[in-house]
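Everything below concerns the one structure shown next.
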Amino acid sequence: MRVKKQKRHRKAFRFYTACFGFRELFKVLCDGTFVHHLLLNKITPADTALANALGAPVKIFTTRCVLGELRSLGNSYAESLNAARNLLTAKCDHEKQKSAISCITNIIGENNSEHFFVATQDAELQKKFQKVCSMFSSPQHHSI
Ligand SMILES: [Zn+2]
């Protein structure tokens, strides 16, 4: 039963990373679409579920801009906003709110110095990080 459940999780999660070494502790940076996905699929508590899928402890982050974007989506995303508020907040220096996509892209930067996994259901963002990966000679593209 347990194995079955984990398999489902592996399918559900697609992680895109910007290609650099990973540590024992996974730092997952997620956007609103992913938080929404976790809720929709009742993948809670999210950190436990992700830790099982990745085989290592995780810390889940979001950003102020992501929260702002969720807030602007109104009532249908109120639950996602609440869930996202309980996550850690990765620092971004955007005084004026950016879209979740540009905020996350900005935090990952050119070399992902914070070693974040990016978790998103957003096709554009997924494509973006695949592109970042292909710029490096030995891409580590994790898809779980
Ligand atoms: Zn930001």
Side-chain angles (χ1 to χ4, degrees), residues 5-144:
K5 209 172 168 198
Q6 280 205 7
K7 248 193 188 156
R8 192 170 62 83
H9 285 159
R10 277 174 200 279
K11 252 193 200 159
F13 294 125
R14 292 167 70 83
F15 287 93
Y16 293 86
T17 79
C19 321
F20 281 79
F22 304 109
R23 299 164 181 179
E24 287 291 291
L25 177 87
F26 289 97
K27 298 200 315 187
V28 178
L29 182 59
C30 59
D31 70 352
T33 63
F34 192 74
V35 176
H36 194 65
H37 169 79
L38 292 173
L39 286 179
L40 272 187
N41 292 282
K42 300 194 169 48
I43 304 171
T44 51
D47 48 358
T48 310
L50 289 176
N52 284 340
L54 290 165
V58 295
K59 280 191 173 177
I60 308 179
F61 293 80
T62 184
T63 74
R64 267 199 354 235
C65 299
V66 168
L67 292 177
E69 191 168 277
L70 274 173
R71 199 173 303 124
S72 71
L73 292 173
N75 274 343
S76 46
Y77 283 80
E79 213 181 319
S80 303
L81 175 61
N82 271 338
R85 275 203 184 115
N86 291 325
L87 304 175
L88 297 161
T89 312
K91 271 218 174 71
C92 71
D93 305 322
H94 309 132
E95 280 177 21
K96 229 175 140 196
Q97 187 193 315
K98 290 194 170 225
S99 71
I101 289 185
S102 45
C103 181
I104 287 175
T105 306
N106 206 248
I107 285 178
I108 298 300
E110 293 204 346
N111 54 16
N112 194 11
S113 57
E114 294 282 330
H115 300 271
F116 279 118
F117 272 84
V118 176
T120 179
Q121 296 294 107
D122 185 292
E124 196 184 323
L125 204 51
Q126 290 178 350
K127 240 198 252 157
K128 199 161 213 159
F129 288 108
Q130 275 175 318
K131 244 185 225 156
V132 173
C133 282
S134 64
M135 279 160 42
F136 295 92
S137 51
S138 59
Q140 275 187 318
H141 171 221
H142 279 227
S143 175
I144 295 165

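Note that ligands are numbered from 1 as they come in the structure, with each ligand's atoms numbered from 1 the same way. Starting from 1, each residue takes its place in the sequence as its number. Heavy-atom basis, side chains included; hydrogens, waters and symmetry copies ignored.
- Listed by chain and number, the protein atoms of type N/O/S under 2.8 Å from the Zn ion (ligand 1) are Cys65 SG, Cys92 SG, His94 ND1, Cys103 SG; waters are omitted.
- Using a 4.5 Å heavy-atom cutoff, the side chains of Phe116 and Ile104 are not in contact.
- For the pair Thr62 and Leu70, the minimum side-chain heavy-atom distance is 4.5 Å or more.
- The structure places CD of Glu69 at 9.5 Å from SG of Cys103, a figure rounded to the nearest 0.5 Å.
- Heavy-atom contacts from other residues, nucleotides or ligands closer than 6.0 Å to CZ of Phe61 number more than 12.
- The two atoms that bring Gly32 and Val66 nearest to each other are N-CG1, 3.5 Å, heavy atoms only.
- Residues Arg64 and Gln97 are not in side-chain contact: their nearest non-hydrogen atoms beyond the backbone lie 4.5 Å or more apart.
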